Amino acid sequence: MLARSLFRSAQPLKQSIRHYATPPGPASSSSNAALYSAITIATLGGGGYYYYNRTLPTSASAPPSASERKTIPSTPAPSVSAPQTAAFTGGDQGFIDLKLDSVSEINHNTKKFRFALPNSDDVSGLQIASALITKYKGPGMEKPVIRPYTPVSDEDQLGFIDLVVKRYPGGPMSEHLHSMEPEQRLEFKGPVPKYQWEENKHEHIALIAGGTGITPMYQLARAIFKNPSDKTRVTLIFGNLTEPDILLKRELEDLENTYPQRFRAFYLLDQPPEGWTQGSGHVTKELLKTVLPEPKEGGKVKIFVCGPPGMYKAVSGVKKSPQDQGELTGMLRELGYQKEQVYKF
């Protein structure tokens, strides 16, 4: 069943959208609540597109005076560091055994697993966007289980990678990971390339995620905002069952607070708690129409989708295989987007 009531009522849509387009400062929960209230009105009244086009404020400071220059220490020349070694190089490299370094609990069915790379000064070797393949063959298993995961650690992080994995009953790889103890090992291979990103490849991207489908979305968003030369705007729609199921919430809030003019996140819960001021229910066509950039923007816009099969079917249609994106169907097709504007992780 689709969402019956996305948001609470508040000020008119036009006023709220204007507030979203030109925020006076970092985003806050109250400003998001006002925006969600406006989206309710748009949903009930037919809604409409908006495509925010904002620039970051600039500031200039006067050069130091002659006396000030005397007190400013000279900056030492940067040291030349040794080239970093990539743990994963793809091609014919094969699988690598990595040792589980630590495990931390995120919620009732999700944990973060830190695996040590072969050397403490190694980087993973992952590009944006890419994933790793895991392999496990337990006692009595005829064939090994192979599953892809997108690390949530930075690609430049030295010495380790972090996986966030939700335990699915009957899921052989997720159940194996959740049973692992530090010092045990797991086989990895990669990187497996997904969508090749270049700075400013699109002016505005939208990320539609459900559950653990947030991990490749976070990888992409983090890379964009880490690069000062990349000015891409990002809109995230993230659906979950309950509030504790919102993975990487703190990291996403940090991005929104740091880049309020370029990143906005919209959260949907199937079972919202009392006092929840954001969205409820499933992703709807009215919500997409209200918060996504218009399809008429063509190549300036890219929509990414990652989540459970039901969400794929409703939003974009499923992909046929890792190499075949399949036809674009669902809500995005109904809203006028073209196949070239959508990528299914």
Side-chain angles (χ1 to χ4, degrees), residues 16-39 49-61 126-129 150-157 162 164 194-209 213-240 246-268 277-279 287-288 290-294 297 299-306 341 343 345:
S16 292
I17 290 176
R18 186 183 307 116
H19 176 73
Y20 181 15
T22 55
S28 65
S29 58
S30 61
S31 64
N32 264 4
L35 182 56
Y36 274 102
S37 302
I39 293 174
Y49 290 105
Y50 70 86
Y51 180 71
Y52 57 95
N53 185 14
R54 298 167 294 187
T55 56
L56 289 172
T58 58
S59 62
S61 58
L126 271 71
Q127 302 92 35
I128 306 298
T150 303
V152 298
S153 45
D154 193 284
E155 289 69 39
D156 294 334
Q157 177 63 52
D162 289 336
V164 170
K194 298 290 186 176
Y195 187 80
Q196 185 175 352
W197 181 258
E198 301 170 0
E199 65 182 44
N200 303 307
K201 189 170 185 176
H202 308 285
E203 290 185 5
H204 189 172
I205 66 170
L207 314 174
I208 305 173
I214 190 63
T215 56
M217 308 299 200
Y218 177 64
Q219 183 192 58
L220 178 55
R222 184 187 61 231
I224 288 172
F225 292 112
K226 178 183 174 181
N227 181 359
S229 299
D230 199 329
K231 306 303 180 183
T232 306
R233 295 186 290 275
V234 181
T235 296
L236 169 67
I237 299 173
F238 190 14
N240 286 280
I246 303 176
L247 304 178
L248 303 171
K249 180 75 179 301
R250 180 181 61 80
E251 290 85 350
L252 295 170
E253 287 178 339
D254 285 346
L255 288 179
E256 192 168 17
N257 290 330
T258 306
Y259 306 97
Q261 293 181 306
R262 292 174 51 210
F263 180 72
R264 291 305 294 265
F266 299 88
Y267 300 98
L268 300 169
T277 59
Q278 301 195 30
L287 174 62
L288 297 180
T290 304
V291 305
L292 296 188
E294 294 187 65
E297 297 293 332
K300 296 179 181 180
V301 169
K302 195 77 175 184
I303 313 295
F304 296 87
V305 185
C306 190
Q341 292 179 293
Y343 183 85
F345 275 108

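Below, each value reflects all heavy atoms present in this structure, side chains not excepted, and no hydrogens, waters or symmetry copies. For clarity, every value in this text was computed on a predicted model and none was experimentally measured.
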Could you check whether any side-chain heavy atom of Glu251 comes within less than 4.5 Å of a side-chain heavy atom of Val152, counting everything from C-beta outward? no
Note, Arg233 side chain near Arg264 side chain (heavy atom, < 4.5 Å): no
Within 45° of the axis and under 6.0 Å from the centre of the six-membered ring of Phe304, does NZ or CZ of Lys194 qualify? no
Parallel, tilted or perpendicular for Trp197 and Tyr195, by the 30°/60° rule? tilted
What heavy-atom pair brings His204 and Val234 nearest, and what distance separates the two atoms? CD2-N, 4.2 Å
When you compare the side chain of Asp162 with that of Gln157, does any pair of heavy atoms fall below 4.5 Å? no
Would you compute the distance between atom CG of Asn240 and atom OH of Tyr267 and round it to the nearest 0.5 angstrom? 9.5 Å
Using atom types as modelled and distance alone, determine if a side-chain donor or acceptor of Arg262 lies under 3.5 Å from a backbone N or O of Phe225. no
Distance (rounded to the nearest 0.5 Å) between Ile237 CD1 and Met217 CE: 10.0 Å
With side chain to side chain contact (heavy atoms under 4.5 Å, CB included) as the criterion, how do Phe238 and Leu207 come out once you've worked through the C-alpha distance, each side chain's angles and the decisive distance to 0.1 Å? CA-CA 8 Å; Phe238 190 14; Leu207 314 174; over 6 Å; no
Nearest-0.5 Å distance, OH of residue Tyr343 to CD1 of residue Ile303: 15.0 Å
Please report the closest heavy-atom contact between Thr235 and Val291, naming both atoms and the distance. CG2-O, 4.0 Å
Can a donor-acceptor pair be found, under 3.5 Å and without considering hydrogens, that links the side chain of Thr232 to the backbone of His202? yes
Testing the basics here: between Lys231 and Pro228, what is the closest heavy-atom pair and its distance to 0.1 Å? NZ-O, 2.8 Å
In Å, rounded to the nearest 0.5 Å, how long is the span from CG of Leu268 to CG of Leu287? 5.5 Å
Say whether, by atom type as modelled, one donor and one acceptor occur between the side chain of Arg222 and the main chain of Ser153 under 3.5 angstrom. yes
Take Leu288 and Ile208 through the test side chain to side chain contact (heavy atoms under 4.5 Å, CB included) and record every step on the way to the result. CA-CA 9 Å; Leu288 297 180; Ile208 305 173; 3.8 Å; yes
d(Phe263 CZ, Thr258 OG1) to nearest 0.5 Å is 10.5 Å
Which atom pair, heavy atoms only, marks the closest approach of Glu256 to Ala265? OE2-N, 3.4 Å
Taking atom CD of Glu297 and atom NZ of Lys302, what is their separation to the nearest 0.5 Å? 15.0 Å
Can you tell if the side chain of Val164 reaches within under 4.5 Å of the side chain of Ile214, non-hydrogen atoms only? no
Between Val301 and Leu292, does the side chain to side chain contact (heavy atoms under 4.5 Å, CB included) criterion hold? Intermediate values first, please. CA-CA 9 Å; Val301 169; Leu292 296 188; over 6 Å; no
